[in-house]
Amino acid sequence: MITVDGLSKYYGEHAAIKALSFTITSGEVVGFLGLNGAGKTTTLKVLGCVLLPTSGRVIVDGFDVTRDPHEIRKRIGYLPDTPPVYDEMSVGEYLAFVARLRGVADANVANFVADAEKKTAITDKHDDVISSLSHGYRQRVGLAQALVHKPKLLILDEPTGGLDPVQIVEMREVIKGLKGEHTVLVSSHILGEISQVCDRYLVIQGGELIAQGTETELSAKLGSGGPIEIDCIGAAGPVIELLKKVDGVNDITLVKLDGQNLSLHVDAKNDVRPQLVKALVQADIAVLRVDRAAHRLENIFLKLTHGKDA
Amino acid sequence: MNTVLLIARRELGAYLRTMSGYIIIAVLLFLDGLAFNAFAVAGTAKKSSEVLGDPLGFFFWTSGIGMAVAIFLSMRLIAEERQTGTLQLLYSSPVHDREIVLGKYLASLGFLCIFLFATGYMPLLVAIYGKVSLGHVLSGYLGLVLVGSASIAIGIFGSALTKSQVVAAISSGVMSVALTMCWILAKVVDRPFTDVITGLAWYGHFDPFAHGLVHLKHVVYFGLVTFVALFAATRVLEARRWR
């Protein structure tokens, strides 16, 4: 669906993207991760034919962004970081305008608009003027405009930006619902917001691709290092002594103590989570949570971008 | 063409639904009425054609105020889209840059025509109390539409250059006034520049319309200014994709 080969984009002397190369196949939902200023938005703007590249090749659905941008624009839906909505229009009018702009035949406009409103759960806002909507609904209207013409590829730049936790969950569900029907490229700098949505991740830093793969693949590339986190109920001293006796454990750090509630970080060479749990259970200590920090996407991301654990 | 009309319809809708367009028209219509009362019909008894076509007559004042309306209407056209991010919607849609510019131009011209229509009561008053040729009035209004068209095109060019509507209004105002007033410059330079600069000055091209005369060369002049400014605005939009 997308082939990017040696893509570079300069703003004057400053290189926003340097020789970026990756591919995305049809039907994938790919997370595009990077800190602010990493080059995510610039890359997505090039893919969305908003900006032209300084050098390199970008092929979307068989068409080149510099030679056939018009053909690409017919096949994509692009949601910028700020939803591109006209405040004075009603939601229905706006979506009908966008549908016509993107070549939907007049006879189909009403159906396409209704479908987009249904997918983004804004059917009840059809007649509302956009200026009267909350930020969350404006974001949904922005998403609805990206998919109203049923594009093959959806490019979503920080679709969860500025939303409250409930709205983030709702937006995530909406994006999940798009899986299968569209190829989706979704960017974010907050990993938790898209970690449950994507099949695969591209990690970008300083305009360069520093890693790509599934969560498991990224974790494997970084090795198994990283502390094991344990939350349990018991007396701190005996619990730490007990865990130190488990084979492979190097060190234990008490991170938080709240009455009998303990949070511990166990430094171990191998993944000794089963042995730790077994030791605790046999000692009749209630285990609330066991997790490997290195396996969490936030930690992978921090390791990749800063070379340290969360 | 469908895309141009689609963009024009949305833009015209934006003028009609927000207060800014009405406020601009109301204020400038009031000023036009004041100027008509203070200069065009004031003083000693005049012929009807003088009230309309004299250097301080109705068409003279309305062309200047029409130019101001055109600049205020067009200052937001692209600058606001860049400021609010909606230009990315147009950029990422299968729309040519020339279609964006042309759609916005047509919408502004349509709204300007509402203003010009609203000024019609003044020549009507002259017709009631005097004798006015319909041809003179139509010729004058053709001149006003052409001046407005060129001013809007320059306004769109100014709006394409910046995110700030104020800067857009100032820069397009300077360009329009420079074109209007460059006949003054013609007086202080030698030939052949005198002829070139006089030819560029749009007052000289508007004056015949105000006197009821329609010459093709003057229509072509305003058409050319409009074309060049719209072309320049299109090139600015295209260039932004490379930045």
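Each chain gets a letter, A, B and so on, in the order its sequence line appears, and its residues count up from 1.
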Just to be sure I understand the criterion: a residue of residues 99-129 of chain A counts if one of its heavy atoms is under 4.5 Å from a heavy atom of chain B. Which ones qualify? A/Arg100, A/Leu101, A/Arg102
Please check if atom CZ in B/Arg240 has more than 12 non-hydrogen atoms from other residues, nucleotides or ligands closer than 6.0 Å. yes
Side chain, backbone, both or neither: which part of B/Glu80 has a heavy atom under 4.5 Å from chain A? neither
Could you check whether any side-chain N or O of A/Arg73 sits under 3.5 Å from a backbone N or O of B/Leu90, counting only pairs where one atom can act as donor and the other as acceptor? no
Bottom line for A/Gln145: the part with an atom under 4.5 Å from chain B's heavy atoms is side chain
Heavy atoms of other groups near A/Arg67 CZ, more than 12 under 6.0 Å: no
With B/Pro94, which of A/Arg75, A/Glu71, A/His149, A/Lys74 fulfils side chain to side chain contact (heavy atoms under 4.5 Å, CB included)? A/Lys74
With the side chain counted from C-beta on, respond yes when B/Arg10 and A/Glu93 share a heavy-atom pair under 4.5 Å apart, and no when they do not. no
Count the heavy atoms of every other residue, nucleotide or ligand shown that sit under 6.0 Å from CZ of B/Arg235, and state whether that count exceeds 12. no
Considering residues, nucleotides and ligands other than A/Tyr11, do more than 12 of their heavy atoms fall under 6.0 Å from its OH? yes
What is the distance from atom CG of A/Leu79 to atom CD of B/Gln88, rounded to the nearest 0.5 Å? 9.5 Å
Enumerate by number any residue of residues 57-78 of chain B whose heavy atoms lie under 4.5 Å from heavy atoms of chain A; in the absence of such residues, state 'none'. none
Ignoring hydrogens, what is the shortest heavy-atom contact between A/Val50 and B/Tyr91? Give both atom names and the distance. CG1-CD1, 3.9 Å
Spacing of OG1 belonging to A/Thr82 relative to CD belonging to B/Gln83, to within rounding of 0.5 Å: 12.0 Å
Tell me the closest heavy-atom pair linking A/Pro84 and B/Gly85, and the distance in Å. CB-O, 3.7 Å
Might you point out which heavy atoms bring B/Leu89 and A/Tyr86 nearest each other, and give the distance in Å? CD2-CE1, 3.8 Å
Gap separating the CG atom of A/Leu51 from the OG atom of B/Ser92, nearest 0.5 angstrom: 11.5 Å
Atom CZ of B/Arg241 with >12 non-hydrogen neighbours under 6.0 angstrom: yes
What part of A/Val46 gets closer than 4.5 Å to chain B, counting heavy atoms only: side chain, backbone, both or neither? neither
Heavy-atom distance under 4.5 Å to chain B: side chain of A/Pro69, backbone, both or neither? neither
Under 3.5 Å, which donor-acceptor pairs do the side chains of residues 118-126 of chain B form with other protein atoms, sequence neighbours left out?
unit_1, atom_1, unit_2, atom_2, d
B/Thr119, OG1, B/Leu116, O, 2.5
B/Thr119, OG1, B/Tyr141, OH, 2.8

Anything in residues 148-178 of chain B with a heavy-atom distance to chain A below 4.5 Å? Please list those residues in order. none
Relative to chain A, which segment of B/Thr18 carries a heavy atom at a distance below 4.5 Å: side chain, backbone, both, or neither? side chain
